[in-house]
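What follows is a set of notes on a single structure, which appears directly below.
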Amino acid sequence: YLIVLFFFFQAEDGIRDAQESRGLGDVYKRQVHGDCKMTVKPLVRVKKIKKRTNSFTRFQCEDYGGRIRPSWRKPHGIDNRMRRKFRGNKPLVAIGYGTNKKARHVIPNGFRKFLITNLHDLELLLTNNRTFCGEIAHNISARKRAQIIKRAAELNVRLTNAGGRVKFDEKKAENK
């Protein structure tokens, strides 16, 4: 006897997720844009290679229980074993850990971010809409935000936070 079983794993809402999660970068994945019929794709998609994922910490920060913050400081002491790169010590920050220049500042959707504070800033992205995507500043009002989103759709510029505060304010207006 031959028994064949098929299992279909679905998300809670019943839709299969064709693209697996990429961690924190999911914020930029599959964005919904206002009136834009076709989403802009990045000009060049560069694979970002992380040479080191855990952060560099300050020398002996773990020995002082919160009195010394772990943020990186270069050791300067004349006898400091970390500065002298003795075996068994933490690594020092070095240029070799740097990211590829083409992949530097690239967010998971393949674009670089450009902060938009007014409509004029959006016009600057017109020629670079395949390299940069816009991010509306946090202190922009809902009215200006709606204007920026509408203009971005006309210029075919991608926004990272297009559905931010506008939908919330539209719901608020419907309830009144």
Side-chain angles (χ1 to χ4, degrees), residues 9-13 16-33 39-118 120-122 124-125 128-142 144-145 148-149 152 157-168:
F9 295 100
Q10 293 184 335
E12 288 181 14
D13 58 355
R16 287 192 196 94
D17 199 4
Q19 188 176 5
E20 61 186 45
S21 174
R22 295 183 303 208
L24 295 175
D26 282 348
V27 176
Y28 304 106
K29 188 173 77 174
R30 279 187 248 108
Q31 303 258 336
V32 177
H33 302 288
T39 58
V40 188
K41 299 224 179 329
L43 198 61
V44 179
R45 195 83 186 221
V46 184
K47 178 76 175 160
K48 199 174 217 181
I49 298 166
K50 297 271 187 180
K51 296 178 188 171
R52 181 181 166 86
T53 52
N54 49 346
S55 59
F56 291 96
T57 56
R58 191 175 187 168
F59 179 62
Q60 289 185 337
C61 66
E62 61 280 341
D63 297 342
Y64 288 95
R67 285 177 287 169
I68 295 180
R69 292 194 183 133
S71 58
W72 172 251
R73 298 290 184 276
K74 187 179 193 301
H76 291 287
I78 55 170
D79 293 328
N80 190 291
R81 54 193 159 92
M82 185 175 167
R83 181 190 63 79
R84 292 165 70 188
K85 299 177 184 169
F86 283 3
R87 192 174 51 193
N89 285 288
K90 296 180 198 174
L92 289 171
V93 171
I95 195 67
Y97 290 108
T99 311
N100 177 5
K101 207 170 191 179
K102 291 175 185 168
R104 204 172 296 160
H105 306 298
V106 174
I107 57 178
N109 67 3
F111 292 94
R112 289 180 165 87
K113 272 198 285 192
F114 181 77
L115 193 67
I116 296 170
T117 54
N118 55 38
H120 178 69
D121 289 347
L122 198 60
L124 298 172
L125 289 179
N128 293 318
N129 67 341
R130 301 278 308 276
T131 310
F132 289 89
C133 64
E135 182 164 280
I136 304 171
H138 74 97
N139 56 351
I140 302 298
S141 67
K144 285 273 189 209
R145 196 173 285 260
I148 289 170
I149 291 167
V157 171
R158 189 157 177 181
L159 296 174
T160 58
N161 56 352
R165 216 181 297 169
V166 179
K167 289 179 184 174
F168 176 75

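Positions are given from 1 along the sequence.
- When the options Ile140, Leu124, Leu125 are evaluated for a side-chain contact (heavy atoms from CB on, under 4.5 Å) with Ile116, the one that passes is Leu125.
- Taking every heavy atom of both residues into account, Pro42 and Gly110 meet most closely at CB-O, 3.5 Å.
- Taking CG of Asn89 as the start and NZ of Lys85 as the end, the distance is 12.0 Å to the nearest 0.5 Å.
- Counting only heavy atoms from C-beta outward, the side chains of Arg81 and Asp79 never approach each other to under 4.5 Å.
- Contact detail for Thr117 and Ala137: the closest heavy-atom pair is CG2-CB, 4.0 Å.
- A distance of 11.0 Å separates CD1 of Ile107 from CZ of Phe132, quoted to the nearest 0.5 Å.
- Under a cut-off of 6.0 angstrom, the local environment of NZ in Lys101 is sparse, with at most 12 non-hydrogen atoms contributed by other residues, nucleotides or ligands.
- Closest of all the heavy-atom pairs between Trp72 and Val93 is CE2-CG2, 3.4 Å.
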Start with the C-alpha distance between Val40 and Phe111, add both sets of side-chain angles, then the distance that settles side chain to side chain contact (heavy atoms under 4.5 Å, CB included), and finish with yes or no. CA-CA 10 Å; Val40 188; Phe111 292 94; 4.2 Å; yes
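- Met82 has its side chain within reach of Leu92: a pair of non-hydrogen atoms, C-beta onward, lies under 4.5 Å apart.
- The side-chain heavy atoms of Arg58 and Ile68, taken from C-beta on, include a pair separated by under 4.5 Å.
- Looking only at distances, a side-chain donor or acceptor of Lys51 sits under 3.5 Å from a matching main-chain atom of Gly98.
- Crowding of Leu115 atom CG: a count of heavy atoms from other residues, nucleotides or ligands under 6.0 Å exceeding 12.
- Between the side chain of Asn161 and the backbone N or O of Glu135, no donor-acceptor pair lies under 3.5 Å.
- Annotation: Lys48, atom NZ; neighbour count of heavy atoms from other residues, nucleotides and ligands within 6.0 Å is above 12.
- Distance CG/Asn109 to CZ/Arg45: 6.5 Å, rounded to 0.5 Å.
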Side chain to side chain contact (heavy atoms under 4.5 Å, CB included) between Asn100 and Ile49, worked out: CA-CA 8 Å; Asn100 177 5; Ile49 298 166; over 6 Å; no
Begin from the C-alpha positions of Thr160 and Arg158 and carry the test side-chain hydrogen bond (donor to acceptor under 3.5 Å, both in side chains) through to its verdict. CA-CA 7 Å; Thr160 58; Arg158 189 157 177 181; over 6 Å; no
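- Closest approach of Tyr97 and Pro91 over heavy atoms only: OH-CB, 3.6 Å.
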Can Thr131 and Arg112 be said to form a side chain to side chain contact (heavy atoms under 4.5 Å, CB included), step by step? CA-CA 6 Å; Thr131 310; Arg112 289 180 165 87; 4.2 Å; yes
Side chain to side chain contact (heavy atoms under 4.5 Å, CB included) evaluation trace for Thr99 with Val106: CA-CA 10 Å; Thr99 311; Val106 174; over 6 Å; no
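- Residue-environment remark: NZ (Lys90) exceeds the threshold of 12 foreign heavy atoms within 6.0 Å.
- In this structure, Arg104 places its CZ atom where more than 12 heavy-atom neighbours from other residues, nucleotides or ligands lie under 6.0 Å away.
- With values rounded to the nearest 0.5 angstrom, Ile136 atom CD1 is found 5.0 Å from Leu159 atom CG.
- Contact detail for Arg52 and Phe56: the closest heavy-atom pair is CD-CZ, 3.3 Å.
- With a 6.0 Å radius and a threshold of 12 heavy atoms from other residues, nucleotides or ligands, Arg67 has its CZ atom at or below the threshold.
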